[in-house]
Amino acid sequence: MSRKLISSGSEFESKIGYSRAVVDGDYVFVSGTTGFNYATNSISDDVTEQADQCFANIEQALKEAGSSVDKIARVTYILPNRDDFKPCWPVFQKWLGEVRPAATVFEARLLDDAMKIEIQVTARK
């Protein structure tokens, strides 16, 4: 089985020792992904915009890994404020409405107070 590491170019990948995604055999494991926009070096104050950017970042990692959003089998949502979950439902529907992966959501503090959501996925190649 081959193993391939996918990088987003974030400085934290080398500092902390992780990859945006890891392809291992037939699976792609995408790390917890925030709504940081790498093109503008910014993050929105709006949780729904962050959620949408999370999926755009995830989509890019999956594409580099030879996979796609429609192959997501599992998703984990992490939010510092559980009240922000329901406003994100339309974003989740947009990205995963037809995919319908197994899902988990929990409330936990994230590393930066600007981050309002983090999303992790597992997909098939």
Side-chain angles (χ1 to χ4, degrees):
M1 286 192 174
S2 63
R3 181 175 159 103
K4 178 181 176 183
L5 306 179
I6 308 292
S7 174
S8 67
S10 168
E11 65 180 297
F12 297 108
E13 291 173 20
S14 62
K15 287 182 178 180
I16 298 171
Y18 79 98
S19 296
R20 168 60 45 221
V22 175
V23 180
D24 197 337
D26 292 333
Y27 292 94
V28 181
F29 303 91
V30 181
S31 294
T33 303
T34 65
F36 187 78
N37 184 325
Y38 293 98
T40 63
N41 286 321
S42 65
I43 191 164
S44 171
D45 290 333
D46 181 83
V47 68
T48 61
E49 290 177 10
Q50 283 192 29
D52 196 56
Q53 185 64 52
C54 287
F55 278 110
N57 294 343
I58 289 166
E59 180 180 49
Q60 180 61 39
L62 289 172
K63 183 178 178 182
E64 288 181 44
S67 186
S68 57
V69 170
D70 65 327
K71 297 199 186 313
I72 293 174
R74 181 159 195 69
V75 60
T76 302
Y77 303 105
I78 307 162
L79 299 98
N81 180 354
R82 66 181 178 206
D83 293 336
D84 283 341
F85 185 62
K86 191 170 184 178
C88 292
W89 288 4
V91 176
F92 305 154
Q93 174 63 29
K94 170 187 157 185
W95 286 93
L96 299 176
E98 298 298 316
V99 180
R100 298 183 58 186
T104 301
V105 60
F106 59 92
E107 183 180 40
R109 204 166 160 204
L110 299 178
L111 290 178
D112 185 323
D113 289 338
M115 298 172 182
K116 297 184 180 204
I117 188 167
E118 186 170 319
I119 301 172
Q120 168 185 295
V121 304
T122 302
R124 300 232 355 140
K125 277 191 71 184

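- Taking CD1 of Ile58 as the reference point, atom CG of Leu96 lies at 8.5 Å (rounded to 0.5 Å).
- Looking at residues two or more places apart in sequence or on another chain, you find no side chain to side chain contact (heavy atoms under 4.5 Å, CB included) involving Lys63.
- Legend: ring-ring contact (aromatic ring centres under 6.0 Å, His included) pairs involving residues 98-125, not counting sequence neighbours: none detected.
- Within 6.0 Å of CG on Leu111 lie no more than 12 heavy atoms contributed by other residues, nucleotides or ligands.
- In terms of heavy atoms, Ser19 sits closest to Ile6 at CB-O, 3.6 Å.
- Summarising the geometry, atom OG belonging to Ser68 is positioned 7.0 Å from atom CG belonging to Leu62; distances are rounded to the nearest 0.5 Å.
- For Ser31, there are no side chain to side chain donor-acceptor pair (under 3.5 Å) partners, not counting sequence neighbours.
- A chain of hydrophobic side-chain contacts below 4.5 Å, direct or via other Ile, Leu, Val, Met, Phe, Trp or Tyr residues, connects Val75 to Val99.
- Taken from CZ in Arg20 to CD in Glu64, the straight-line distance is 10.5 Å, to the nearest 0.5 Å.
- By the rule that hydrophobic residues join a cluster once side-chain heavy atoms approach within less than 4.5 Å of another member, Phe29 and Val69 end up as members of separate clusters.
- Residues passing the side chain to side chain donor-acceptor pair (under 3.5 Å) test with Arg74, sequence neighbours excluded: Thr104.
- For Glu13, the side chain to side chain donor-acceptor pair (under 3.5 Å) criterion is met by Ser7, Ser8, not counting sequence neighbours.
- Side-chain heavy atoms closer than 4.5 Å link hydrophobic residues (I, L, V, M, F, W, Y) into clusters, and following such links, possibly through other members, connects Tyr38 to Met115.
- For residues 76-85, there are no side chain to side chain donor-acceptor pair (under 3.5 Å) pairs, not counting sequence neighbours.
- For Lys15, the salt bridge (Lys or Arg N to Asp or Glu O under 4.0 Å) partners are Glu11, not counting sequence neighbours.
- The cluster map of Ile, Leu, Val, Met, Phe, Trp and Tyr, joined by side-chain heavy atoms under 4.5 Å apart, puts Trp89 and Ile78 in different clusters.
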Using residues 43-55 as the side-chain source, report each donor-acceptor pair under 3.5 Å to any protein atom, sequence neighbours left out, with the distance given to one decimal.
residue : atom : partner : partner atom : Å
Ser44   : OG   : Asp46   : N            : 3.0
Ser44   : OG   : Glu49   : OE1          : 2.6
Asp46   : OD2  : Thr48   : N            : 3.0
Asp46   : OD2  : Thr48   : OG1          : 2.3
Asp46   : OD2  : Glu49   : N            : 2.9
Gln50   : OE1  : Lys116  : N            : 2.8
Gln50   : NE2  : Ser44   : O            : 2.7
Gln50   : NE2  : Ala114  : O            : 2.9
Asp52   : OD1  : Lys94   : NZ           : 2.7
Asp52   : OD1  : Trp95   : NE1          : 2.7
Asp52   : OD2  : Lys94   : NZ           : 3.4
Gln53   : OE1  : Asn37   : ND2          : 3.4
Gln53   : NE2  : Asn57   : OD1          : 2.9

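- Tyr18 is linked by a ring pair (Phe, Tyr, Trp, His ring centres under 6.0 Å) to nothing, counting only residues two or more places apart in sequence or in another chain.
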Expected list for residues 117-125: side-chain donor-acceptor pairs under 3.5 angstrom, two or more places apart:
residue : atom : partner : partner atom : Å
Arg124  : NH1  : Tyr27   : OH           : 2.9

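- Cluster partners of Leu5 are Val22, counting Ile, Leu, Val, Met, Phe, Trp and Tyr whose side-chain heavy atoms approach within less than 4.5 Å, directly or via other members.
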